[in-house]
**Student:** 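Mind having a look at this structure? Questions to follow.
Here is the naming used below: chain letters follow the sequence lines, and residue numbers restart at 1 for every chain.
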Amino acid sequence: MRQEIRISGFGGQGIILMGYITGKAATIYDSKNATFTQSYGPEARGGSCSAQVIISTEKISYPVLIAPDVLITMSQAAYNTFYSGLKPGGILIYDSVLVKPAKNDSSQQFFSIPSKSIAGELGKEIIANIVMLGYLVKVAGVVSPNAMQEAIVSSVPAALCELNIEAFKRGLSYSSPN
Amino acid sequence: MVDVVNKKDVSVRFMSGDKACAEGALMAGCNFFAGYPITPATEVAEHMSQRLPATGGIYIQMEDEIASMAAILGASWGGAKSMTATSGPGFSLMMENLGLGIVTETPCVIVDVQRGGPSTGLPTLVSQSDMMQAKWGSHGDYEVIALAPQSPQECFDLTVKAFEYSEQYRLPVFVMMDEVVGHMTEKVEIPSPDSVKPYPRRYTKLPPGEYMPYRPQEDLVPEIVSAGQGYAVHVTGLTHNEKGYPEISAKAQENMVQRLTDKIKKNVKKIVLLEEENLEDAEIVVVSYGISARTAQYPIEKAREEGMKVGFVRLLTVWPFPEEYIDNLAKRIKAFVVPEINLGQIGREVERCAHGQAKVLGITHPGGGLHFPEKVLETIRSAAQ
């Protein structure tokens, strides 16, 4: 089965790294196939940016997204740009502090997490992306928790490994108050 | 594709096509890279700049692509296995010295990660519009070898193959990637270095004095020497005789140019790599290469589900073109469908080789995006009518 994931936010949030880690978790640690692509615009830090991951147990012939099953937005601008592309019945995951969704298509499931605030509690707001990866695994599956953790460990600097694992676990165990 | 002796030693990586291409080069024994960064090929150079010094090789960032091409030719005559990587605008600049590489029969590999053209065009977006430039970009008559990967794994595999062909047939070989294949990241299986034997250079065993730098062997390819081995050789872009000395005459031209083309044309069957699917009962055959072949897979499956008899030929080698193969296929089918991200460069080649025996429907795209599956499916449907 083919699963399409779009991860979006602004440059500097580690959006591309999230896509890379998710694809790596699926291929190397879950032994599935994954294709990871990223938007290559002139945008740099601060501009909108998006990573796309396709995961499948079969060969992936079409390497770009047709309609995402899962959309992660970590900025309002990214939500405004990409929400309309989310599949009916799809899953939206957003940072509850940074994004205010305008409407809720009843066929879709919405999940939110204050990933930036949680990362702040851990001492580094920059690892909000890893908190978000934990929450992605919790609410959408996509890859196994072990695979995601292994992929994180093998992709971040050794000195920050413990902190990243902590961030991942916070996301993985987060329960929305409502 | 890569000759793996010990399957146990495969390392599985999650890697972009550009990096996989660089890893393939290293696996094939590449120890010299000269280039100038350009989107979407920069990551090939970047990866080589990190990996080559660590493996005892040389990485040089040149002032431009004309110099890059000159440097890899010189390095090759110095005994190195050399490579450069670029995109359209740089590929144009390389065309002059490409001719020098062809006429001096210099083994080397040129990677073109294609983006939209002409001119600076679409730096960050996909295209396959340099396919004809690979064939005809430099002046004069000559034949080339060009390979087209459709995934990061094939960027690795076909770069290894390109080095092999460059040594076997003594010429610059092209790896015609594109922005999507170069930038996408997927699983790449890399065999352990000691399980792949780099193709050896065809050094002569004759002593200096007896050795003739352009005297062909049975397969029309001459043996080679390197600077510093004690041979006095003359390497020139002028038309030359078997000694390598310039000889400006119709006779010398005929000998040299005819052999340069024949050494490829008479070995087409050995050089052409292609994959076939469902040709037995096919009435329509989709012919494609690189990323467009990959995106055609889904609409072909759909068309077969709808009951259409559709076959598929994927060209891994685009040049030399499999003329006889297409001609034979044309005799027994109704139509060819040729999706590609240009305005019909290889479609025209299929048409030429079909000799009017089968219809040829091109699916063109000016570049900047991939073919939509629906558009390919529609064309297959109209070919079936």
Side-chain angles (χ1 to χ4, degrees), chain A residues 1-2 4-7 11 15-44 47-67 85 133 143 147-148 150-156, chain B residues 10-19 39-43 87 113 115-116 122-126 150-154 178-190 277 288 290-302 312 314 339 368-377:
Chain A
M1 198 187 79
R2 179 182 167 112
E4 299 189 353
I5 305 139
R6 184 190 294 282
I7 305 168
I15 299 295
I16 302 302
L17 183 64
M18 290 171 74
Y20 175 80
I21 290 175
T22 306
K24 191 179 187 181
T27 51
I28 301 199
Y29 302 105
D30 269 348
S31 298
K32 292 181 182 173
N33 293 312
T35 303
F36 157 59
T37 54
Q38 53 188 291
S39 51
Y40 267 92
E43 61 265 15
S48 251
C49 99
S50 157
Q52 298 84 236
V53 186
I54 301 164
I55 298 174
S56 179
T57 47
E58 323 264 305
K59 204 166 85 178
I60 297 167
S61 64
Y62 204 69
V64 297
L65 300 192
I66 299 164
L133 285 182
V143 296
M148 188 65 102
E150 293 279 334
I152 291 168
V153 168
S154 65
S155 306
V156 300
Chain B
V10 170
S11 90
V12 183
R13 312 275 288 274
F14 191 57
M15 191 174 252
S16 73
D18 277 357
K19 282 187 185 177
T39 304
T42 300
E43 291 89 338
S87 188
V113 188
R115 66 191 222 186
L122 301 170
T124 56
L125 298 178
V126 65
Q150 66 164 2
S151 63
Q153 180 69 56
E154 276 190 4
D178 64 75
E179 186 275 332
V180 169
V181 158
H183 277 162
M184 75 161 69
T185 300
E186 289 188 329
K187 177 158 61 183
V188 178
E189 295 185 349
I190 298 181
E277 268 172 40
S288 194
I291 193 66
S292 294
R294 179 167 168 164
T295 57
Q297 197 85 46
Y298 174 75
I300 290 170
E301 281 163 24
K302 282 278 156 213
F312 186 28
R314 183 163 79 88
L370 302 176
H371 283 296
F372 291 113
E374 194 55 36
K375 191 179 166 190
V376 178
L377 185 56

**Student:** Answer whether the closest heavy-atom distance between the side chains of A:P63 and B:I291 falls below 4.5 Å.
**Tutor:**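 They are in side-chain contact.
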**Student:** Could you check if a side-chain atom of A:N33 sits within less than 4.5 angstrom of a side-chain atom of B:K187, using non-hydrogen atoms only?
**Tutor:**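 A:N33 reaches B:K187 side chain to side chain.
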**Student:** Any idea which of B:H371, B:E301, B:R294, B:M184 has the most non-hydrogen atom pairs under 4.5 angstrom with chain A?
**Tutor:**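 The answer is B:R294.
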**Student:** If I take atom CD from residue A:Q38 and atom OG1 from residue B:T185, how far apart are they, to the nearest 0.5 angstrom?
**Tutor:** 6.5 Å
**Student:** Other residues, nucleotides and ligands only: do more than 12 of their heavy atoms fall within 6.0 Å of OH on A:Y29?
**Tutor:**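 Count over threshold, so yes.
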**Student:** Report the distance from atom CZ of A:F36 to atom CE of B:M15, rounding to the nearest 0.5 Å.
**Tutor:**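 One gets 14.0 Å once the value is rounded to the nearest 0.5 Å.
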**Student:** Is it the side chain or the backbone of B:V180 that comes within 4.5 Å of chain A heavy atoms, both, or neither?
**Tutor:**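 Answer is side chain: those atoms of B:V180 sit under 4.5 Å from chain A.
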**Student:** When only pairs under 4.5 Å are counted, which of A:V64, A:I60, A:T37, A:I66 shares the most heavy-atom pairs with chain B?
**Tutor:**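 Most heavy-atom pairs under 4.5 Å with chain B: A:I60.
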**Student:** So which atom in B:Q297 and which in A:S61 form the shortest heavy-atom distance, rounded to 0.1 Å?
**Tutor:** CB-CB, 3.7 Å
**Student:** Write down the atom of B:F14, the atom of A:I28, and the distance for their closest heavy-atom approach.
**Tutor:**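 So the minimum-distance heavy-atom pair works out to N-CD1, 3.6 Å.
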